[in-house]
2 protein chains.
Amino acid sequence: MAKAVQQRTLQTRARLVAAAQEVIADVGYEGLRVEQVVLRAGVAKGTFFAHFRDKDALMDQLIGAGIDAHLDQIEALATPQSVAEIVEAFMPLMRFMTCERYVFDVILRHSGAAAISEIGPIANTFGRHVEVVAPWLAKGPFRKDIDGMLLAEGVQAFTVQAMSLVFCALHAEVDLRARLTLYLNAWLTPKG
Amino acid sequence: MAKAVQQRTLQTRARLVAAAQEVIADVGYEGLRVEQVVLRAGVAKGTFFAHFRDKDALMDQLIGAGIDAHLDQIEALATPQSVAEIVEAFMPLMRFMTCERYVFDVILRHSGAAAISEIGPIANTFGRHVEVVAPWLAKGPFRKDIDGMLLAEGVQAFTVQAMSLVFCALHAEVDLRARLTLYLNAWLTPKG
DNA sequence: TGTAAAAAATGACCGCGGTCAATAATAAAT
DNA sequence: ATTTATTATTGACCGCGGTCATTTTTTACA
């Protein structure tokens, strides 16, 4: 039994990813065209689809990597001791996730796994997000009446809700930080 | 000043909508092709796009109408007095929203208005949803420490989260009703 | 080396959403 | 009625994601 994957394969894939990042640097995520990517990479169109199931799979990988990089930063932080500190810790990640409407759409589409038994990069970052937040909540001055995982899932739900409002005409005036702070105070430190 | 809109226009639009519904009955929302719709309606392809900005706009209208019909039913109900009753009231709507992955994606994409200053049918139903729930929460045995609108927004966020998990491989085993009940108990009747 | 089997790359081709200059139908004015 | 202005319809055409039979390259083995 030989090497399952050839050297050439890795090179081609790396070239495709590098080319894609260059294209994105030029025209943004939404402006990316597969044809431009293969042109830069110097391969045929069909080759792209031999390496990625579809354009969305490439986006899943690239955006997932971006989220992971932000989560690395977040994990290196000292444990936040308040809602304000939690919000602040997540601001850079949220800014990235909402840098383009198209990016946020891709994230939403992949946040629940794209297909059954097929958990992609972005879906994994959502799992990671919960695992990062749960211990914070356990250590901090927050409600203790419900399971830590459930509490963390709630934080995630409200984070998504707050980001959605960035693109919502009805709530355009309310900024992301203030909105998430409002949600998390109500969720994490209920007085009723 | 004459009638701004001709009779013919209304007829054509009605034919297009009717044709679209027939196509959906045949092949589902995801299977809908604009060409099939115009074929059934007996008009040219360009006509479709004179009546709808794009395919998404048609979906927005049709799915938005579906959600509105469910909200009509929900509004006719007696005010729920518990989390269980709230969940039950929303089950049919949630089943509709998650009848196809594509449908849920369209809903997410349009739940925050599609474009600035352009609030579509689905975005409106999200506003309506909050307005239906808020009075329920004010009257029922739920926490009173935060604003009613905020409380209702939270219900919406958790409803979306619960529906997302329907399509998520990581949580496929957990059913919608149980998941939402868990969320809403934690949100509406905190003990901490 | 030479050769056969497996893996990777190719590019012509297709499906389908969306555009637009040209045309037809309707309403308004004389 | 005839002309004029406005609005609706048409269908050839384009952009772009995605497919697949064919060709090229690599690997395994004699």
Side-chain angles (χ1 to χ4, degrees), chain A residues 1-20 23-24 26-63 102-103 105-106 109-110 114-115 118 120, chain B residues 1-20 23-24 26-63 102-103 105-106 109-110 114-115 118 120:
Chain A
M1 172 155 174
K3 275 200 268 185
V5 52
Q6 300 181 4
Q7 210 65 357
R8 186 174 46 150
T9 306
L10 298 178
Q11 288 177 9
T12 305
R13 174 161 300 160
R15 285 232 304 285
L16 282 168
V17 169
V23 171
I24 288 166
D26 276 6
V27 298
Y29 288 89
E30 183 165 15
L32 181 139
R33 296 291 170 267
V34 172
E35 198 188 331
Q36 285 303 310
V37 173
V38 297
L39 227 61
R40 287 228 195 199
V43 300
K45 204 172 181 180
T47 302
F48 179 93
F49 293 98
H51 288 266
F52 300 94
R53 181 200 308 274
D54 50 27
K55 183 179 163 178
D56 244 38
L58 170 69
M59 289 301 178
D60 190 10
Q61 179 173 321
L62 292 180
I63 296 173
Y102 171 75
V103 169
D105 283 346
V106 171
R109 224 181 9 255
H110 290 81
E118 188 76 34
Chain B
M1 171 155 176
K3 277 200 268 187
V5 53
Q6 300 181 5
Q7 209 66 353
R8 186 174 46 149
T9 306
L10 297 178
Q11 287 177 9
T12 304
R13 174 161 299 159
R15 286 233 304 285
L16 282 167
V17 169
V23 171
I24 288 166
D26 277 5
V27 297
Y29 288 90
E30 183 164 17
L32 181 139
R33 296 290 170 268
V34 171
E35 197 188 332
Q36 286 302 312
V37 173
V38 297
L39 228 59
R40 286 229 195 198
V43 299
K45 205 171 180 182
T47 302
F48 178 94
F49 292 97
H51 288 265
F52 300 95
R53 183 201 307 276
D54 50 27
K55 184 179 162 177
D56 244 38
L58 170 69
M59 289 302 179
D60 190 9
Q61 179 174 321
L62 292 180
I63 295 173
Y102 171 75
V103 169
D105 282 347
V106 172
R109 228 184 3 258
H110 289 81
E118 188 75 34

Measuring only between side-chain heavy atoms, which start at C-beta, is A:H110 closer than 4.5 Å to A:I63?
no
Atom-to-atom span, [atom1] of [X] to [atom2] of [N] - whole angstrom:
X: A:L16; N: C:dA8; atom1: CG; atom2: P; answer: 14 Å
X: A:Q7; N: C:dA7; atom1: CD; atom2: P; answer: 16 Å
X: B:K45; N: C:dG17; atom1: NZ; atom2: C1'; answer: 6 Å
X: B:R33; N: D:dG18; atom1: CZ; atom2: C1'; answer: 13 Å
X: A:Q36; N: D:dG18; atom1: CD; atom2: P; answer: 16 Å
X: A:R13; N: C:dA9; atom1: CZ; atom2: C1'; answer: 14 Å
X: A:E35; N: C:dC14; atom1: CD; atom2: C1'; answer: 15 Å
X: B:F49; N: D:dC13; atom1: CZ; atom2: P; answer: 18 Å

Under 4.0 Å from OP1 or OP2 of D:dA8: is there any side-chain N or O of B:T12 that close?
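No, no such contact exists.
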Between B:H51 and D:dT9, is there a contact of a side-chain N or O with OP1 or OP2 at under 4.0 Å?
yes
Quick one: label A:T47 by what it contacts on the DNA or RNA (base, sugar-phosphate, nothing), any heavy atom closer than 4.0 Å.
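Here A:T47 touches the bases of the nucleic acid.
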Quick one: label A:L32 by what it contacts on the DNA or RNA (base, sugar-phosphate, nothing), any heavy atom closer than 4.0 Å.
sugar-phosphate
Is B:T12 reaching over with its side chain to a backbone N or O of B:R8, donor-acceptor style, under 3.5 angstrom?
yes
Tell me whether B:K55 contacts the main-chain N or O of B:R33 through its side chain, where contact means a donor paired with an acceptor under 3.5 Å.
no
Would you mind telling me which of C:dG17, C:dT10, D:dG11 lies closest to the side-chain atoms of A:A44?
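The closest nucleotide is C:dT10.
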Counting only distance, no hydrogens or angles, is the base of D:dG18 paired donor-acceptor with the side chain of A:K55 under 3.5 Å?
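It does not, because no donor-acceptor pair links the side chain of A:K55 to the base of D:dG18 below 3.5 Å.
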B:D26 and B:R40: salt bridge (charged side-chain N to carboxylate O under 4.0 Å, His left out), yes or no, with the steps?
CA-CA 12 Å; B:D26 277 5; B:R40 286 229 195 198; 2.5 Å; yes
Please tabulate the protein-to-nucleotide N/O contacts below 3.5 Å involving nucleotides 21-25 of chain C, giving atom names and distances.
none

Contact nearer the 5' end of DNA chain C, comparing A:T9 with A:G46
A:T9
So how far is it from A:L10 CG to A:H51 NE2, rounded to the nearest 0.5 Å?
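It is 9.0 Å, given to the nearest 0.5 Å.
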Got a second to check how far A:D60's CG is from A:D56's CG, nearest 0.5 Å?
7.5 Å
With sequence neighbours excluded, what pairs up with B:R53 under the salt bridge (Lys or Arg N to Asp or Glu O under 4.0 Å) test?
B:E118
